[in-house]
Amino acid sequence: MIREGTEVAIVGGGLVGAAIAWGLARVGKRVTILDEGDDAFRASRGNFALVWVQSKGLGMAAYAAWSVRSSDAWASLASALKDETSIDVAHQRPGGLMLSLSEDEQERRVAQMRRLHNQPEMIPYPYEVLDQAQTKKLLPDIGPQVAGSIYCPLDGHVNSLKLFRALHAALAARGVLYRPNRPVETIASRDGRFVLSGSWGELRAEKIVLAAGNGNARLAPQVGLHAPVRPQRGQIIVTEKAKPFLNYPLVTVRQTDEGGVMIGDSLEEVGFENVATTPITATMADRAVRMFPMLAGLNVVRTWSALRVMSQDGFPIYDQSETHPGAFLATCHSGVTLAANHAFDIAPQIAAGRLDDALLPFSARRFHVPQAA
Ligand SMILES: Cc1cc2nc3c(=O)[nH]c(=O)nc-3n(C[C@H](O)[C@H](O)[C@H](O)COP(=O)(O)OP(=O)(O)OC[C@H]3O[C@@H](n4cnc5c(N)ncnc54)[C@H](O)[C@@H]3O)c2cc1C
């Protein structure tokens with residue numbers, strides 16, 4: 001395939017690539033997305049669907065502010081996608097909770113939130129520490145083992161499969177070319193353009209965005225970028241549909257807009273391995289039932305695992321190559337939460353050819369620490 005006229009080629013059609021492509025199309029760019037096939041590792045199809053703020057940014061205050069910004073912009077994203085595609089992605093922002101199953105756990109969580117908010121340059125956001133009785137007012141079905149919780153009004157959730165579908169429908173409507181089964185093997189520069197190629201052929205573009213999830217680690221060095229990311233497995237359980245009982249998403253339990261209860265999600269260092277395993281799902285189910293004893297009466301209908309895209313320090317990486325200007329990198333482990341920023345902030349900056357200085361903390365240059373003599 002040789003297609004002239006692509007201004008920006010995006011490698012990877014997951015949530016990060018799709019949100020940036022949509023943002024670029026909104027500012028008038030001609031965009032082509034090159035993606036792998038349906039058997040690819042794709043975090044975007046297996047996530048927990050939180051638009052989450054609380055607890056994010058310990059170690060990098062800029063990431064906390066970046067998460068708040070996206071959470072604030074999410075309603076506009078949902079409404080723009082609904083206008084363009086008629087798909088309601090079921091975004092809700094009632095606030096969210098992290099429940100503790102012992103006093104010790106609650107103390108640890110509270111201490112962590114204090115450390116987060118006491119960091120230099122942290123812009124504080126609202127949260128409340130709730131005891132058992134206060135938690136029960138919000139969540140009447142909690143069990144006696146719940147010791148307390150932390151509530152943050154900025155947290156929310158969506159239907160992330162509908163989000164994925166809405167983004168791709170909006171891309172098609174705006175004329176973005178989505179090309180599956182086009183794994184990019186090599187990227188070269190020729191006559192002032194990038195040439196992306198694989199066994200399927202080649203594509204030339206003025207700019208490129210590497211949004212290939214865990215695939216970025218291999219592609220980035222070809223254009224002078226650095227993407228130290230690794231897969232991190234997470235498992236999820238889904239129950240049969242139940243009557244609405246959970247009006248707030250929790251970091252590990254949420255009721256979807258369709259009624260099923262999602263229970264998640266583990267953090268496992270197992271490489272490129274995405275099978276679901278009973279010991280992990282049993283532990284997750286046990287904690288969820290201690291939080292909400294009524295869950296024991298629901299049938300599990302599905303379990304799965306998927307691979308996160310995790311950087312060395314857990315924070316996003318946004319960069320433009322110094323050696324290959326016009327080559328951009330975007331990767332993060334919270335692509336649902338950050339979808340609004342990717343569409344409304346990152347995409348226009350890529351279109352303009354320069355990432356804002358406000359994004360400097362997210363450059364991979366932070367990993368280039370000189371070796372001690
Ligand atoms: C269990 C779990 C729970 C999660 N929960 C949440 C949550 O609650 N909230 C939240 O915000 N985020 C959550 N996430 C993270 C979120 O799903 C990811 O941040 C997001 O999906 C990452 O999107 P991505 O596009 O970078 O990566 P992916 O979805 O992995 O997509 C990368 C794409 O690049 C393609 N690709 C790779 N290499 C190449 C190549 N060489 N050529 C062409 N294409 C290539 C792949 O085929 C794939 O389609 C969760 C993730 C997991 C696994």
Side-chain angles (χ1 to χ4, degrees), residues 9-21 32-53 56 66-67 70-71 74 96 155-161 163-164 167-168 178-187 196-200 203 208-220 222 227 229 231-238 249-254 256 262-268 272 274 276 280-281 284 303-311 314 316-318 329-342:
I10 299 195
V11 187
L15 280 176
V16 173
I20 292 174
T32 300
I33 299 177
L34 300 171
D35 204 0
E36 295 178 311
D38 262 354
D39 55 353
F41 292 112
R42 203 166 272 154
S44 303
R45 280 196 310 219
N47 61 66
F48 200 62
L50 297 174
V51 176
W52 205 253
V53 170
K56 288 197 173 155
W66 186 238
S67 302
S70 204
S71 163
W74 234 102
D155 294 327
H157 58 158
V158 295
N159 181 316
S160 78
L161 288 180
L163 167 65
F164 203 23
L167 278 171
H168 275 266
Y178 173 71
R179 298 289 183 244
N181 302 307
R182 306 297 203 275
V184 174
E185 299 297 333
T186 57
I187 309 174
L196 302 109
S197 53
S199 56
W200 43 271
L203 174 78
I208 57 168
V209 181
L210 301 185
N214 283 308
N216 283 332
R218 188 181 65 77
L219 295 172
Q222 299 187 32
V229 289
Q232 186 189 62
R233 189 169 72 183
Q235 304 198 34
I236 290 178
I237 302 171
V238 183
L250 315 186
V251 76
T252 54
V253 183
R254 71 179 197 95
T256 71
M262 288 178 78
I263 298 166
D265 51 352
S266 53
L267 304 168
E268 303 165 64
F272 283 94
N274 68 344
I280 300 283
T281 48
M284 286 162 29
T303 60
W304 71 76
S305 83
L307 301 181
R308 288 185 194 80
V309 183
M310 193 57 71
S311 68
I317 306 175
Y318 306 114
L329 169 70
T331 185
C332 68
H333 78 73
S334 288
V336 182
T337 303
L338 297 177
N341 286 354
H342 293 160

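Residue numbers run from 1 in the order of the sequence given. For the numbers below, each heavy atom of this structure counts, side chains included, while hydrogens, waters and symmetry mates do not. First listed ligand is number 1; within each ligand, the first listed atom is number 1.
Counting only heavy atoms of the protein, atom 23 (O) of ligand 1 lies nearest to Ser44 OG, 3.4 Å. Atom 3 (C) of ligand 1 has as its closest protein heavy atom Asp265 OD2, 3.1 Å. In this structure, the protein non-hydrogen atom closest to atom 45 (C) of ligand 1 is Glu36 CG, 3.5 Å. The shortest contact between atom 15 (C) of ligand 1 and any protein heavy atom is with His333 O, 3.0 Å. Protein heavy atom at the shortest distance from atom 26 (O) of ligand 1 is Val16 CG2, 3.3 Å. When hydrogens are left out, the protein atom nearest atom 27 (O) of ligand 1 is Gly213 CA, 3.8 Å; that is the closest non-hydrogen contact. Scanning the protein for heavy atoms near atom 49 (O) of ligand 1, the closest one is Arg42 NE, 2.6 Å. Scanning the protein for heavy atoms near atom 12 (N) of ligand 1, the closest one is Ser334 CA, 3.4 Å.
Shown in contact with Cys332 at under 4.0 Å from a heavy atom are these atoms of ligand 1, numbered in order with element: 19 (O). For ligand 1, the atoms closer than 4.0 angstrom to any heavy atom of Leu34 are 43 (C), 44 (N). Within the listing of ligand 1, atoms 41 (N) sit less than 4.0 angstrom from a heavy atom of Leu219. Near Arg308, the atoms of ligand 1 lying under 4.0 angstrom from a non-hydrogen atom of the residue are 51 (C), 52 (C), 53 (C). Taking every non-hydrogen atom of Phe48 and a distance limit under 4.0 Å, the qualifying atoms of ligand 1 come out as 3 (C), 4 (C), 5 (N), 6 (C), 8 (O). Per-residue contacts place Leu307 under 4.0 angstrom from the following atoms of ligand 1 (heavy atoms of the residue considered): 53 (C).
Across Ser44 and Leu15, no two heavy atoms sit closer than the pair OG-N, 2.7 Å. Contact detail for Trp200 and Asn181: the closest heavy-atom pair is CD1-O, 4.2 Å. When all heavy atoms of Asn47 and Met262 are compared, the closest pair comes out as O-CE, 3.5 Å.
With a 4.5 Å cut-off on side-chain heavy atoms, Val11 and Ile208 do not count as touching. Two residues are said to be in side-chain contact when any heavy atoms from C-beta on lie closer than 4.5 Å; Arg254 and Thr256 meet this criterion. Side-chain atoms of Val16 and Val309, non-hydrogen and from C-beta on, never get closer than 4.5 Å to each other. At least one side-chain heavy atom of His342 sits less than 4.5 Å from a side-chain heavy atom of Tyr318. The shortest distance between side-chain heavy atoms of Thr186 and Gln222 falls below 4.5 Å. Looking only at side-chain heavy atoms (C-beta outward), Asn159 and Phe164 stay at 4.5 Å or farther from each other. Side-chain contact between Glu268 and Arg308: absent, with no pair of heavy atoms (C-beta onward) separated by less than 4.5 Å.
Only the backbone of Phe41 comes within 4.0 Å of ligand 1, judged by heavy-atom distances. By the criterion of a heavy-atom distance under 4.0 Å, neither the backbone nor the side chain of Ser160 is placed next to ligand 1. Using a 4.0 Å cut-off between heavy atoms, Thr331 makes no contact with ligand 1 at all.
For Gly46, the heavy-atom gap to ligand 1 drops under 4.0 angstrom.
The line from CD1 of Ile237 to CH2 of Trp304 is 10.5 Å long, rounded to the nearest 0.5 Å. Residue Phe41 holds its CZ atom at 5.0 Å from CG of Asn274, rounded to the nearest 0.5 Å. If you take OG1 on Thr252 and CZ on Phe48, they are separated by 6.5 Å, rounding to the nearest 0.5 Å. Here the CG atom belonging to Leu219 is positioned 11.5 Å from the CG atom belonging to Asn214, to the nearest 0.5 angstrom. We find the CD-CG distance between Gln232 and Leu267 to be 4.5 Å, quoted to the nearest 0.5 Å.
Residue Lys56 has no N or O atom closer than 3.5 Å to an N or O atom of ligand 1. Ligand 1 has no N or O atom lying under 3.5 Å from any N or O atom of Ile236, backbone or side chain. For ligand 1, one of its N or O atoms has an N or O atom of Gly335 under 3.5 Å away. Considering backbone and side-chain atoms together, Ala306 places no N or O closer than 3.5 Å to any N or O of ligand 1. For ligand 1, the polar-atom distance check against Pro183 finds no nitrogen or oxygen pair separated by under 3.5 Å. Annotation: Gly234 places no N or O atom under 3.5 Å from an N or O atom of ligand 1; distance criterion only. Considering backbone and side-chain atoms together, Ala40 places no N or O closer than 3.5 Å to any N or O of ligand 1. Looking at Thr337 next to ligand 1, an N or O pair under 3.5 Å apart turns up. The shortest N or O to N or O distance between Gln235 and ligand 1 is not under 3.5 Å. In terms of polar-atom proximity, Val336 is counted as a contact of ligand 1, with an N or O under 3.5 Å from an N or O of the ligand.
Residue Leu50 holds the heavy atom nearest to atom 7 (C) of ligand 1 of all those in Ile10, Leu50, Val229. For atom 41 (N) of ligand 1, the choice among Val184, Asn274, Asn47, Asp39 with the nearest heavy atom turns out to be Val184.
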Considering only distance and modelled atom types, tabulate donor-acceptor pairs under 3.5 Å from the side chains of residues 329-336, sequence neighbours left out.
from	atom 1	to	atom 2	distance (Å)
His333	NE2	Gly314	O	3.2
Ser334	OG	Lys56	NZ	3.0

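Among residues at least two apart or in separate chains, salt bridge (charged side-chain N to carboxylate O under 4.0 Å, His left out) pairs with a member in residues 40-50 are Asp35-Arg42, Asp38-Arg42, Asp38-Arg45.
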